[in-house]
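Right, one structure below, let's go through it.
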Amino acid sequence: MRFAWLPIPEHLDWLAVFQNPWVMGAAFAGLVLELLADKIAWVDSVWDAVHTAVRPLGGALLTLAIVDPQDPSWQIVSFLLGGGLALAGHSAKSGTRAAVNLSPEPFSNVVVSAGEDVTTAGLLVAALASPELAVVVFVLLLTGTILLLVAVRRVLRSVRRSFAPRPVAGPSPTHGQIQPPDHDQPG
């Protein structure tokens with residue numbers, strides 16, 4: 001918007017507020033913090049925990065903002081879908097990062113984070129170049145997100161089971177004692 005790369009639709013004139021230097025500065029500061037926090041194991045998980053509320057609410061509000069305010073039913077649908085999809089994306093990201101943090105070596109976190117950064121930038125460029133392609137990619141990513149959430153859930157369950165206390169084998173309560181005969185048995 002600032003460089004007039006994208007025309008702003010008339011009904012979204014209020015989005016011009018994002019061109020404000022203070023808003024852009026705050027967004028840039030958030031971007032730098034995200035890039036740094038995302039590369040440090042466990043710091044990224046704390047960052048994601050804080051954003052469990054921020055990202056879905058942001059997604060819900062952004063989708064709400066682009067829907068015609070004359071139709072409240074579509075506003076509610078867009079708010080719920082936008083928040084739900086943002087939560088799904090956030091859950092896949094934070095769940096994957098939590099699983100990566102369990103890895104004993106320190107480099108996988110940086111590699112996964114850099115991969116996320118490159119993928120996000122590439123998808124943004126693709127979405128701007130071809131909105132139709134963006135819809136196809138969105139459907140594929142949503143499917144992948146669901147599959148990834150299932151896989152992360154399985155990994156986390158497996159890890160939880162490996163740390164669960166095991167029952168201690170000891171002498172049975174009847175060890176060394178004479179059992180009374182069972183009178184219900186013939187013989």
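Between atom CG of residue N101 and atom CD1 of residue I40 there is a gap of 11.0 Å, rounded to the nearest 0.5 Å. To the nearest 0.5 angstrom, L142 atom CG is 4.5 Å from I146 atom CD1. We find the OG1-CG distance between T96 and D44 to be 11.0 Å, quoted to the nearest 0.5 Å. Atom CG of L128 sits about 11.0 Å away from atom CG of L123, to the nearest 0.5 Å. Going from atom OG1 of T145 over to atom CG of L140 covers 10.5 Å, rounded to the nearest 0.5 Å. In this structure, OG1 in T119 is found 8.5 Å from CG in L141, a value given to the nearest 0.5 Å.
With contacts defined as side-chain heavy-atom distances shorter than 4.5 Å, the pair V111/K39 does not qualify. E34 is listed as a side-chain neighbour of W47, based on a closest heavy-atom distance under 4.5 Å. The side-chain heavy atoms of D38 and R97, taken from C-beta on, include a pair separated by under 4.5 Å.
Shortest non-hydrogen contact noted between A60 and F79 is CB-O, 3.3 Å. Shown here for R55 and A86, the closest heavy-atom pair between the two residues is O-CB, 3.5 Å. Listed here is the closest heavy atom pair of L133 and A126: CD2-CB, 4.4 Å. Heavy-atom minimum distance, S78 versus L64: OG-CA, 3.7 Å. Shortest non-hydrogen contact noted between V23 and V17 is CG2-O, 3.6 Å. Scanning all heavy atoms of the two residues, the minimum distance from A99 to V155 falls at CB-CG1, 4.4 Å.
Clustering ILVMFWY residues whenever any of their side-chain heavy atoms sit less than 4.5 angstrom apart, transitively, puts V159 in the very cluster that holds W42. The hydrophobic cluster containing V67 also contains V77, counting ILVMFWY residues as joined when their side-chain heavy atoms lie under 4.5 angstrom apart, directly or transitively.
In summary, D48 and K93 engage in a salt bridge, as defined by a charged side-chain N under 4.0 Å from a carboxylate O.
With a 6.0 Å radius and a threshold of 12 heavy atoms from other residues, nucleotides or ligands, W74 has its CH2 atom at or below the threshold.
Cluster partners of L36, using a side-chain heavy-atom cutoff of under 4.5 Å among ILVMFWY residues and allowing indirect links, are F28, L31, V32, L35.
T63 contributes a side-chain N or O that, together with a main-chain N or O of G59, makes up a donor-acceptor pair within less than 3.5 Å. No side-chain donor-acceptor contact under 3.5 Å links S113 to the backbone of V110.
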